[in-house]
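Not measured: the values here are computed from a predicted model. By convention in this document, chain letters (A, B, ...) are assigned in the order of the sequence lines, proteins followed by strands, and residues within each chain are numbered from 1.
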Number of protein chains: 2
Amino acid sequence: MRPKRPSIKDIASRLNVSVTTVSFVLNGKGPEMRISEEVTQRVLSYAKEVNYSPNRLAQSLRTGKSNIIVFMVEDISNPFFARLARIIEVIAYRKGYKVIFCSNENDDRHTQELLQVFRDQQVTGYIIIPSAGAKKQIQALLEAGIPVILFDRYFPGLETNYVVIDNENATYRATRHLIGNGYRDIGFVTLDTSQTQMLDRLKGYKKAVKEVRLKSRVLKLPYRADAPEGESCMRGFFEAHPELDAVFFATNYLTQQGLLVMREHFPGKLTDWGIMTFDDTEFFRIHTPSISAVAQPLEEIGHKLMEIMLELLRDGKETVHQVVLKAELRERDSSRPKAPRGV
Amino acid sequence: MRPKRPSIKDIASRLNVSVTTVSFVLNGKGPEMRISEEVTQRVLSYAKEVNYSPNRLAQSLRTGKSNIIVFMVEDISNPFFARLARIIEVIAYRKGYKVIFCSNENDDRHTQELLQVFRDQQVTGYIIIPSAGAKKQIQALLEAGIPVILFDRYFPGLETNYVVIDNENATYRATRHLIGNGYRDIGFVTLDTSQTQMLDRLKGYKKAVKEVRLKSRVLKLPYRADAPEGESCMRGFFEAHPELDAVFFATNYLTQQGLLVMREHFPGKLTDWGIMTFDDTEFFRIHTPSISAVAQPLEEIGHKLMEIMLELLRDGKETVHQVVLKAELRERDSSRPKAPRGV
DNA sequence: CTGAAAGCGCTAACAC
DNA sequence: GTGTTAGCGCTTTCAG
């Protein structure tokens, strides 16, 4: 490593051939360019001998492509995103792409700044959970002909590739499951936002309770609330609705907050209530009681995302891929039928 | 974005100055090079007008520096690493660096391959949790004069920068805490590995139990065991040692596995036993019972890592930084004194 | 004070 | 079949 890494030029001069020849051989264009078998072999073996590996920067500078895929989520420390990141990473590396992860904190300005940075890096493709107001930036990328895939949510008016799950139906089914197990007053805790995935979840819940003529009780937490604030809101909600016998949290971190609130202020409800969460984590499986969850098919999402990305990179954007996957309901202790309370 | 981005050349020709002048001005070397105030202003304002931003690739190619920092951990989906990643990311971006995360799966070959890829990218600096046999590769980086900081563990013989915590003392104190609360038969569940951090944790445990003449009962799980295997080992261990009244898990994922095993096969022990874990997560706080944990100071580790990294990037490696931070014991329900069992 | 020019390592059109 | 050469966009030495 000390003696500076060999370049194509070094190889060429050492072998008394031109850089072109070397470049062609190394890029597998030997046959195409009808480089003699003998030269090809010499180049190849010498390259291996000196452990040649191309300078990707120079390559990228020249070709305008960096083979870097950006994976932008709200917060990489959310286990849901972290696990997905891992899946994507594995596939991408196998295909010779690198992945840069980053968190946009669901903030438009932050998204904007990050995209700016990446533009400078000639990033090859983007997989993005867009913040609410990022539509314009996404559009800019699309117009520049750069592969973009949204996931988790999308912009209804925008013709882009995306991979999402059927939030409405999944929530609907989970709510019906609660109802089927005897719960009659189901609270729904969500965020006050207009993002598609959250709206759809709310819709699914409402549809289910309406169908069986139950009351809908929704708590919309202020969107950018910090944890303590969210917790006191929930506490107020639970106190104001002593009639509740179940609660459905619309995201995994809401559930975490909610469980904490219940544990501290309403310990009895932890076992009395039906509890359902959206987005499964190891945590919910081990919790006592174990928490029933709507689980997004992480592996499938990751594979689908990369499948589309690779196709886009290969063929350019011929067709728009809009994929809606099904989520899985994982029934656990927290939603089993409880002893009747005489409702 | 459509009309190709402006380059220095474009600016120069538009303003009838040379690229050199523009480059100097844009890099803040105007004063140093005594570029006239007037030209400086013209360049600056025009650059802003066309929203100029340098092509980082070209810059990197020229300078040999990419401003990319690699953050390599065992598994980015481990919440401990994910949260740390987040902290590092924030600091790095603020300083104009990008961060590439990746997971080496604690595997030497994988580490090797990744480092190879990054070498091609002229990565500026590395923050690494090394896999057991990565000493040679780390050494190669050091010899090439590339900033490297290890964390979580280190190689005893190798003079490198690292940030770790005082594993032995932390484990010692946590074990003493259990003992102080009346537990007398404390099992220690760890991995069969020679990595420093795990050895130190074991040492701390042994020191504590020896001091008060208790028996040491250690389960070393096969290093690369998959989850089911680990679980059955633990189950066997618990069954073979009915005298245990507490258990100390040496990593967060061992704890997760352990809790699952207890929940399924020894539900009573979940509340009867004292439980202690290494590495805190949200999860342990919310679990019932809440799990006492030795918490690594994530913020501090992240800041320290970046502080050292920035210094290395600025000054080159003048001194070697070896930082040992203190961990915090978070006492929760799982380690409170239990009703006496008549030991 | 400013400009010309070399060159980072690679690709690819073009020439022989 | 193979070589020459012109850049990609930028930094920096050297000359004025």
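Among the heavy atoms of the strands lying under 4.0 Å from I8(A) are primed sugar atoms or P, OP1, OP2 only; no base atom is included.
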Exercise for the section: Assess whether side chain to side chain contact (heavy atoms under 4.5 Å, CB included) is satisfied between I128(A) and I138(A), documenting all intermediate values. Expected result: CA-CA 9 Å; I128(A) 299 184; I138(A) 303 290; 4.0 Å; yes
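The nearest whole Å value for the distance from the CZ atom in R62(A) to the P atom in dC8(D) is 8 Å. Computed from coordinates, the R42(A) CZ to dG1(D) P distance equals 16 Å when rounded to whole Å. Rounded to whole angstrom, the span from the CZ atom of R56(A) across to the C1' atom of dT11(C) amounts to 14 Å. Rounded to a whole Å, the CG atom of L57(A) is 18 Å from the P atom of dC8(D). Remark: P of dC8(D) and NZ of K65(A) are 17 Å apart, rounded to the nearest angstrom. Taking atom CG of residue L15(A) and atom C1' of nucleotide dG3(D), one finds them 15 Å apart after rounding to whole Å. To the nearest angstrom, C1' of dG1(D) lies 11 Å from CE of M33(A). One can place CG of L61(B) at 12 Å from C1' of dG7(D), the figure rounded to the nearest angstrom.
Atom CZ of R153(B) has more than 12 neighbouring heavy atoms from other residues, nucleotides or ligands inside a 6.0 Å radius.
Closest of all the heavy-atom pairs between Y93(A) and F101(B) is OH-O, 4.4 Å. In terms of heavy atoms, K9(A) sits closest to V19(A) at CA-CG1, 3.7 Å.
Between E89(B) and R86(B), at least one side-chain nitrogen of the basic residue sits less than 4.0 Å from a carboxylate oxygen of the acidic one, meeting the salt-bridge criterion. Salt bridge absent: R314(B) and E311(B) never bring a charged side-chain N and a carboxylate O closer than 4.0 Å.
At dC8(C), one or more side-chain N or O atoms of K9(A) fall inside 4.0 Å of OP1 or OP2 (strictly under the cut-off). For the pair Q59(A) and dG9(C), the criterion of a side-chain N or O lying under 4.0 Å from OP1 or OP2 is not met. OP1 or OP2 of dC10(C) lies within a sub-4.0 Å distance of a side-chain N or O belonging to Y52(A). Between S18(A) and dG3(D), a side-chain N or O to OP1/OP2 separation shorter than 4.0 Å is present.
Distance from the side chain of V17(B) is smallest to dG3(C) among dG3(C), dG9(D), dG9(C). The side chain of R34(B) lies closest to dC1(C) when the candidates are dC1(C), dT2(D), dC10(D).
At a non-hydrogen distance threshold of 4.0 Å, T20(B), S23(B), F24(B), N27(B), K29(B) from residues 19-32 of chain B come into contact with DNA chain D.
For the residue pair R56(A)/Q59(A), the side-chain donor-acceptor check at 3.5 Å is satisfied.
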